Every structure is written in structure tokens, then in C-alpha cells.
Protein chains: 2
Amino acid sequence: MSETRDRLLRAGERLFRAQGYSGTGLKQLASEAQAPWSSMYHFFPQGKEQLAEQAIRYGGELYAQMIRQCFATYPDPREAVAAIFAGEVKILRSSGFRNGCPVASVALDVASTTERVRKPCAEVFASWIAALAEGIAASGKPEETATDLATYILASLEGAIILSRTSKSVKPLEQTAQFVLHTLQGKLPRRARKAKNARAAAKS
Amino acid sequence: MSETRDRLLRAGERLFRAQGYSGTGLKQLASEAQAPWSSMYHFFPQGKEQLAEQAIRYGGELYAQMIRQCFATYPDPREAVAAIFAGEVKILRSSGFRNGCPVASVALDVASTTERVRKPCAEVFASWIAALAEGIAASGKPEETATDLATYILASLEGAIILSRTSKSVKPLEQTAQFVLHTLQGKLPRRARKAKNARAAAKS
DNA sequence: GTCTATACTTTGATAGAC
DNA sequence: GTCTATCAAAGTATAGAC
């Protein structure tokens with residue numbers, strides 16, 4: 001609907017992604033969005049948390065679409081996941097290692113302090129896992145295994161992005177991709193379903 | 001040497017870990033450390049960046065020791081890595097999902113803005129990778145492969161911590177551990193060394 | 001819906017007495 | 001090394017005219 005509102009959300013996604021939640025000021029955000037300061041509280045009367053919540057969902061939906069797009073283009077999950085990692089390499093490179101994950105930086109900032117913002121972060125992560133799992137399950141794997149795999153893939157991707165962004169090198173992303181892809185082509189852990197047994201073993 | 005200085009560093013590690021760099025105020029930090037406000041600039045005349053830099057290194061060294069300890073206790077890399085993941089589960093649980101990685105939250109905050117703090121973050125990550133690689137190489141794997149593996153393990157661990165912290169559930173951590181351990185016991189990706197070829201393939 | 005102005009708080013950082 | 005006081009700037013949020 002509103003043009004200005006969209007610009008605010010996009011600026012939010014950009015800035016939160018690069019500087020985190022606390023590190024981004026609303027005035028900087030409005031200025032970056034070329035929006036008047038008054039629109040800030042016009043469109044988001046509940047302030048920063050409300051804006052962040054919607055910016056997270058906005059960026060999250062974009063990324064979910066990208067994931068689905070990859071699986072639509074490459075029916076083979078291995079190729080799809082390779083494309084996702086490769087896409088991340090491109091994003092990091094072309095942004096000078098500024099654009100990492102639009103959710104992770106906010107999530108770490110607020111996970112323990114601002115419940116209202118933590119929740120959308122968790123939901124977006126869950127939606128990405130669902131998108132990955134759906135793509136994987138489409139190739140014939142049982143659904144539970146697909147969700148476990150999807151969680152593992154997202155975790156590896158997120159961590160690799162952090163390492164790459166911090167070291168300003170795409171190597172961690174590329175190296176991690178190799179092992180994840182290998183997992184995808186190989187046989188899965190014996191009985192990925194029986195997480196309970198494995199859990200007990202890991203604890204000891 | 002100084003008792004007060006140590007308390008400030010420890011408080012820094014605690015707070016930065018849970019709230020990020022921008023999200024943590026120096027006054028809150030001094031109060032939490034039960035240190036007078038004046039000691040802040042007495043011990044860290046260059047201000048917040050200097051404190052953060054040293055707090056990062058402090059926490060980083062602690063974690064590196066823990067990694068080495070795990071490999072010393074369990075000569076089998078698989079068991080050592082399982083212990084590291086299990087330890088993280090315990091830390092998250094016992095802290096009410098507050099204590100994630102002491103570096104990642106700061107790294108995402110400042111990676112693109114505060115070079116002085118980004119650098120120690122990158123160095124600490126590198127030291128953890130080195131510690132992991134050393135433990136893995138000790139079991140007979142070639143050195144280059146060990147470093148690649150170590151990067152992959154750390155990435156998966158970091159990402160899993162994020163997912164677990166955000167969702168307030170240890171499931172992502174436990175599921176990710178399963179796949180990582182499976183990679184460790186299985187055969188490695190064909191020619192982990194020839195990263196260049198793989199890189200080219202991932203791009204296409 | 002936008003403009004200008006402003007209240008109030010917190011931030012990082014200094015100064016000077018002791 | 002610590003205390004008290006204070007600074008300028010930036011933070012979020014509001015108010016009222018247009």
C-alpha cells in the first residue's frame with residue numbers, strides 16, 4: 001500500500017542485517033529510507049519493536065522464497081543446497097561482507113531481552129527449515145529425516161555466514177558447503193529418527 | 001593483577017554474549033561488575049572498544065582451552081566433538097538460553113562497522129579452528145583436511161547455537177550434532193583439498 | 001501524511017577534587 | 001584508584017500545527 005512504509009521496512013532489513021538491532025537507530029533508519037521522521041511513528045505507532053518485527057518477517061519471506069526457488073530450479077536437493085550456499089557467497093562478496101543473515105544478527109541481540117522481537121526471528125527460522133525440508137522431502141526422503149536434515153543445513157549455513165563475514169573471506173562458506181553436500185549425497189546417520197538414543201549418548 | 005579489571009572483563013564477556021555489543025551499556029557493565037564507574041576509564045582509557053577487544057580475547061581463550069580439554073579427554077575426535085556439542089547444550093540449558101557464543105553476538109554487531117572489534121573476533125574464531133584442527137590431526141588425518149573439517153565443525157556449532165538460542169530449544173543443537181558426528185566417522189568428501197574445483201562447481 | 005519542535009533518557013566520555 | 005559532577009551527542013518517543 002504505502003510506498004514510504006515499504007522503504008522503511010527495506011531500510012530496516014538492510015540496517016538490522018548489517019548492524020544488529022541495538023546498533024541501528026531509528027533516525028538513521030528513517031534517513032536511510034529517505035522517509036520523514038514523522039512517518040516512523042505514523043506507520044509504526046508501537047515503535048522500534050514493531051518495526052523490527054515486521055522487517056524481520058519481510059526479509060524472512062524474501063529468503064524463504066529464494067529457498068523455494070532454488071528447489072524449483074534444481075529438483076536434486078544437492079544442487080539446490082549448493083545453489084543456496086553459492087548464492088550466499090555472491091551476496092557476501094557483492095556487499096563487501098556486509099549482508100549476512102537478516103535474522104541472525106537481530107536474533108542474537110534480542111533473544112534474551114526482547115521477547116516481542118525474538119518470536120518473529122524464531123518463526124522465520126522455522127519457516128526456512130520448513131521450506132528446506134519440503135524441498136528435500138520432495139526427492140523421496142521421509143519427512144522426519146527431511147526436517148532434521150533441514151535444521152542441520154540451516155545451522156551450517158548460518159554458522160558459515162558468521163565465520164565468513166567476520167573473517168571477510170568466503171572460504172568458510174565454501175568449505176562448509178563441501179561437507180554439507182557430502183552429507184546430502186551420502187547415507188544418513190543410522191536412524192536419524194531415534195534422536196533420543198543419540199541424545200543420551202551425546203550427554204555421557 | 002587487578003581484581004576490578006578482571007571483574008569488568010568477566011562482566012563484559014557475560015553481557016556482550018547475551019546482548020551483543022551495541023546492546024550493552026558501559027554503565028550497566030560497571031554496575032554488573034560491581035566496579036565503580038571511574039574504574040571503567042581507568043583500566044580502559046580507550047573506552048568501549050578497548051574493553052570489548054579484551055573481553056573477546058578473554059572469553060575466546062577460555063573456550064579454546066575447553067576445546068583442547070575435550071580432545072585431551074577423548075582422543076577420538078568424534079567423542080571430543082560430541083562432548084563439545086553436549087557441553088553447549090548444557091550451557092544453554094543452565095543459563096536459560098542466555099549464554100550462546102561469546103564472540104558471535106559481538107561479531108555480527110560490529111563486523112561491518114567497528115574494525116577494531118571485528119579483528120579480535122576473527123582471530124578468536126581462527127584460534128578455535130586451530131584448536132579443533134589440532135585435535136583432529138592428532139588422530140592421523142592430513143593437516144589440510146583437518147582445518148577444513150574444523151571450519152565446518154565450528155560453523156555447524158555456531159549456527160546450531162543460534163537456532164537453539166532463538167527457538168529456546170536444544171533440538172537444533174542435538175540434531176546438528178548427529179550429522180556432524182556422522183561426517184566425522186564417515187569418509188570425507190572426495191578430495192577435500194581440491195577446493196578450487198569444488199568452488200567452481202558450486203558457482204555454476 | 002507530513003512538518004517542526006521538543007521532552008526525556010541513556011549513551012560514551014571527561015574533568016577535577018580527594 | 002576512586003568519588004562526584006558534568007558534557008555533548010544520540011537514543012526513543014510525543015505533541016501540535018498544517
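Proteins get letters first, then strands, A, B, ... in listed order; numbering begins at 1 in each. Small disclaimer: the values here were computed from a predicted structure and weren't measured.
- Note: CG (A:D6) to P (C:dG1) measures 12 Å, nearest angstrom.
- The distance between atom CZ of B:F44 and atom C1' of C:dG12, rounded to the nearest whole Å, is 15 Å.
- With rounding to whole Å, B:K27 atom NZ is found 7 Å from C:dT11 atom C1'.
- With hydrogens and angles left out, the side-chain atoms of A:Q50 and A:R116 include no donor and acceptor closer than 3.5 Å.
- Regarding contacts with the backbone of C:dT4, every side-chain N or O of A:S38 stays at 4.0 angstrom or more from both OP1 and OP2.
- Atom pair B:H42:NE2 and C:dA17:P shows a separation of 19 Å (rounding to whole Å applied).
- Residue A:Y41 places no side-chain N or O under 4.0 Å from the OP1 or OP2 atom of D:dT14.
- Looking at A:K119 and A:E49, no side-chain N of the basic residue comes within less than 4.0 Å of a carboxylate O on the acidic one, giving no salt bridge.
- Residue contacts for B:T24: at a heavy-atom cut-off of 4.0 Å it reaches the sugar-phosphate backbone alone, with no base atom in range.
- For the pair B:Y21 OH and C:dT11 P, the computed distance is 13 Å after rounding to whole Å.
- The aromatic rings of B:Y63 and B:W128 sit tilted, their planes meeting at an angle between 30° and 60°.
- In the set D:dT2, D:dT12, C:dT14, D:dT12 carries the atom at the smallest distance from any side-chain atom of A:W37.
- For B:K90 and B:F85, the positive end is not near the middle of the six-membered ring at less than 6.0 Å and at most 45° from its axis.
- Distance, A:L29 CG to D:dG11 P: 11 Å, rounded to whole Å.
- Using a 3.5 Å distance cut-off with no hydrogens or angles, the side chains of A:T24 and A:Q19 do pair a donor with an acceptor.
- B:E49 places its CD atom 11 Å from the C1' atom of C:dG12, with the value rounded to the nearest Å.
- Between C:dT2, D:dG1, C:dA13, one nucleotide has an atom nearer to the side chain of A:S39 than all others, and that is C:dT2.
- When the P atom of C:dA13 is taken as reference, atom CG of B:L26 falls 6 Å away, rounded to whole Å.
- For the pair B:T4 and D:dT2, the criterion of a side-chain N or O lying under 4.0 Å from OP1 or OP2 is met.
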